[in-house]
Colleague: 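One structure coming up, written as structure tokens, with questions to follow.
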Amino acid sequence: MAVYKRTYKAYHGRLTPAWSRFTVLTRYGLSTLFSSRPFTAYTVLCFMPFLVGLAYIYIVHNAAAQAVLGVGKTIPGTVNNVWFLSFLGFEAGMGFILAAWGGPGMITKDFANHSVQLYLSRPISRTEYLLGKVSVLAALLSCTTWIPALLLFFVKAELQGHGWLWENLWMAGSILVGCLIWIAMISLVSMAVAVWVKWRIAATALMLGIFFLLPALGQVLDLILRTQWGSLINITHMMSIVWAHLFRLKAIERQSSGFDVVPLWAAWASLLSMCAACFWLLDRKLRAREVERS
Amino acid sequence: MPATIEMQNLTVQLGSRIILNQLNGALSGRCIGLLGPNGSGKSTLINTLLGFYEPVAGAARIFGKEVKSNLRELRAAIGYMPESDAFIADMTGVRFVRYMAELSGLPRGEAMERAHEAFFYVGLGEARYRKLGTYSLGMKQLAKLAQAIAHGPKLVLLDEPTNGLDPEARVRMLQLVREIRDTGEVSVLISSHLLRDIEECCDQVLILKDGRIAALCNLEEERKANLKFLELEVTQGNGFLESVRGLGCECASFGAGRVRIVLPDNIDLRQIYRTAAEHEVQIRRMNYRRDTLEDIFLKAMAGTPQVASVQQGSANGSL
């Protein structure tokens with residue numbers, strides 16, 4: 001099919017490994033997202049808490065820097081499990097906006113002009129298609145949550161001394177596991193709503209609704225039924241409860257933050273149910289052809 | 001060498017409706033036409049060959065490999081041009097085709113090269129850096145063709161490729177299909193409502209009706225067939241048709257003196273004149289005529305669809 005000949009020619013060259021095909025979707029997805037300047041600017045903004053955290057840890061461990069800044073021993077707080085939990089909470093919030101902004105559009109664009117059938121007529125499965133799209137969000141959210149958090153953890157360990165690292169190594173696991181759960185949840189919800197409504201603006205609105213209106217609904221239920229189980233539909237709160245246990249918050253700390261309104265098992269069950277609902281929706285709606293059942 | 005496409009009792013059910021009902025047959029033409037009225041199951045057959053729908057019974061094979069168990073391998077060897085719009089609006093044409101080629105397994109460099117080549121090949125070279133959303137309908141059709149052939153498939157499935165095209169674009173599209181077919185490196189399956197499109201490109205045609213095979217015939221053989229179809233307009237004459245039949249011809253009367261006759265090789269036209277003279281029948285008009293695809297199609301539509309057997313050579317002399 002040479003340009004100058006303008007004749008069709010079959011391809012007999014080498015092929016990429018079958019397992020790596022989903023990465024093409026990820027690469028193009030990232031490239032499309034970063035072609036938007038506002039999105040790129042916001043992603044850069046998501047790294048600001050990391051830089052602030054880094055500066056804070058440095059100042060806490062550097063008397064000269066404290067003297068220069070004139071803060072001395074008045075610098076507030078200590079870098080411990082609560083500090084890391086707060087840091088991740090802030091990063092998770094920024095990551096949520098990132099996912100709500102970029103996530104649904106990746107899928108809705110494919111549905112808008114029926115291009116899903118083109119993807120699925122290639123040697124990639126529905127699972128790989130989804131994996132490729134989820135990997136975009138996973139890569140972005142990893143770069144703004146657990147990777148900077150672990151970097152801060154190791155910087156803290158280095159400045160504090162090795163004894164601190166071994167005493168608090170569990171925290172590295174908590175950071176990783178906590179963030180991966182959040183990323184999986186947020187990515188699944190983002191993909192599921194996009195597949196369901198097939199319209200970017202509506203999908204983003206629905207995603208915001210799930211994270212902000214459902215908690216309000218939960219509170220209404222709590223007030224009407226005089227219970228605390230309405231929190232089960234508050235995904236962010238359920239995630240916070242899981243995180244509070246992962247970061248080994250003391251009972252009194254959990255109580256003061258409202259992280260003990262439902263037991264841990266109920267929080268896990270709520271999150272897993274949401275994941276299952278997302279999988280069900282994706283399995284049902286993510287098809288090359290939809291069948292109208294009569 | 002295995003047939004391009006084989007169907008064995010292929011049955012596909014969507015919801016409670018059986019869409020394809022026990023299809024049997026082997027399609028081995030270089031360019032296969034898929035004909036049938038709306039709702040006959042053409043697109044469902046293509047979707048089944050792509051693995052989008054799973055048969056409830058029977059099996060489909062492409063190049064001798066069962067679709068269900070060799071899906072990944074077969075999809076790599078297939079190029080698909082869907083009937084409906086299928087593109088990513090805010091992507092440039094060449095980037096879109098490159099993307100699709102990479103998904104089919106081509107490395108980045110090769111995919112880029114082939115995307116450019118494909119765009120020039122379909123005649124959109126100058127528009128390749130424009131966003132697909134700005135393309136006209138005809139350009140979108142050509143872009144869809146480009147993405148279907150960019151990765152060098154062995155089988156190209158074209159679902160209504162000339163839909164919505166103006167006459168010039170239609171001619172261009174059919175020319176491209178013929179060129180692809182004539183390279184001998186790729187088989188083509190075209191689904192279309194337009195008999196002329198199929199007649200111009202295809203050497204084999206499968207006609208579906210109500211999810212069953214109404215006819216499967218080899219147009220190439222049909223074109224080569226040595227049968228002579230004769231259309232006569234005659235004055236009424238007793239016993240003329242019986243005498244013609246007595247000569248070994250197949251014939252049918254359509255009223256108002258219109259008669260259609262198939263002349264076997266050993267019958268000379270003079271014998272028809274002689275028989276007409278014997279019965280004092282005047283021949284007012286005489287045309288040589290071969291069965292067109294339209295005749296084959298109309299006959300297939302009029303007849304009862306075959307459930308499990310293939311009506312081979314339905315045009316070979318039967319009237």
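Lettering follows sequence order; numbering is per chain, from 1.
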Colleague: What is the minimum heavy-atom distance between Arg114(B) and Ala10(A), and which atoms define it?
Modeller: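 Smallest heavy-atom distance, with atoms named: NH1-O, 3.7 Å.
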Colleague: About how many Å separate CZ of Arg75(B) and OG of Ser125(A), when rounded to the nearest 0.5 Å?
Modeller: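 One finds 8.0 Å between OG of Ser125(A) and CZ of Arg75(B).
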Colleague: Could you grab the distance from atom CD of Gln117(A) to atom CD of Glu83(B), nearest 0.5 Å is fine?
Modeller: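 Rounded to the nearest 0.5 Å, the CD-CD separation comes out at 9.5 Å.
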Colleague: How many angstroms lie between atom CG of Leu15(A) and atom CD of Glu102(B), to the nearest 0.5 angstrom?
Modeller: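 Rounded to the nearest 0.5 Å, the CG-CD separation comes out at 12.0 Å.
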Colleague: For Arg181(B), is it the side chain, the backbone, both, or neither that has a heavy atom closer than 4.5 Å to a heavy atom of chain A?
Modeller: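 The answer is neither part of Arg181(B).
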Colleague: CZ of Arg108(B): more than 12 outside heavy atoms within 6.0 angstrom?
Modeller: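 Counting neighbours around CZ of Arg108(B), 12 or fewer heavy atoms of other residues, nucleotides or ligands fall under 6.0 Å, so no.
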Colleague: Can you tell me how far CD of Glu128(A) sits from CG of Leu103(B), rounded to the nearest 0.5 angstrom?
Modeller: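 Reported value, rounded in 0.5 Å steps: 10.0 Å.
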Colleague: Among Leu50(B), Leu106(B), Ile88(B), which residue forms the greatest number of heavy-atom pairs with chain A at distances under 4.5 Å?
Modeller: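 The answer is Leu106(B).
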Colleague: Quick one: which of Arg95(B), Lys154(B), Glu73(B) has the most heavy-atom pairs under 4.5 Å with chain A, could you say?
Modeller: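 Counting heavy-atom pairs under 4.5 Å, the top option is Arg95(B).
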Colleague: I need the minimum non-hydrogen distance between Met100(B) and Leu118(A), along with the two atoms involved.
Modeller: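 Heavy atoms of Met100(B) and Leu118(A) come nearest at SD-CB, 4.0 Å.
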Colleague: Which bit of Phe119(B) is near chain A, if near means a heavy-atom gap under 4.5 Å: side chain, backbone, both or neither?
Modeller: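 Answer is neither: Phe119(B) stays 4.5 Å or more from chain A.
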Colleague: Examine distances only and state if a side-chain atom of Arg122(A) and a backbone atom of Ser104(B) form a donor-acceptor pair shorter than 3.5 Å.
Modeller: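 No; judged by distance alone, with no hydrogens or angles, the pair does not exist.
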Colleague: Which of residues 24-35 of chain A get closer than 4.5 angstrom to chain B, counting heavy atoms alone?
Modeller: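 So the qualifying residues are Val24(A), Leu25(A), Arg27(A), Tyr28(A), Ser31(A), Thr32(A).
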Colleague: Please report the interatomic distance CG(Asp90(B)) to CG(Asn113(A)), rounded to the nearest 0.5 Å.
Modeller: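 Between atom CG of Asp90(B) and atom CG of Asn113(A) there are 9.0 Å.
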Colleague: Do other residues, nucleotides or ligands put more than 12 heavy atoms under 6.0 Å from Trp101(A) CH2?
Modeller: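 Above 12, so yes.
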Colleague: Output the distance between atom OH (Tyr11(A)) and atom CD (Glu110(B)), rounded to the nearest 0.5 Å.
Modeller: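 Tyr11(A) OH to Glu110(B) CD: 4.0 Å, rounded to 0.5 Å.
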Colleague: With a 4.5 angstrom heavy-atom cut-off, which part of Met81(B) approaches chain A: side chain, backbone, both or neither?
Modeller: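 It is neither, since no heavy atom gets under 4.5 Å.
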Colleague: Would you say the side-chain atoms of Thr16(A) pair up with the backbone N or O of Gly105(B), donor to acceptor, closer than 3.5 Å?
Modeller: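 Yes; judged by distance alone, with no hydrogens or angles, the pair exists.
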Colleague: Chain B heavy atoms under 4.5 Å from Ala18(A): which part of the residue, side chain, backbone, both or neither?
Modeller: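 Interface part for Ala18(A): both.
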Colleague: Pick whichever of Ser20(A), Pro17(A), Gly132(A), Ser121(A) has the most heavy-atom pairs under 4.5 Å with chain B.
Modeller: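 Greatest number of close heavy-atom pairs with chain B: Ser121(A).
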Colleague: Going by the rule side-chain contact (heavy atoms from CB on, under 4.5 Å), which residues pair with Pro49(A) if we only count those two or more places apart in sequence or in a different chain?
Modeller: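 Checked Pro49(A) against side-chain contact (heavy atoms from CB on, under 4.5 Å); matches are Phe87(A), Phe90(A), Glu91(A), Met94(A).
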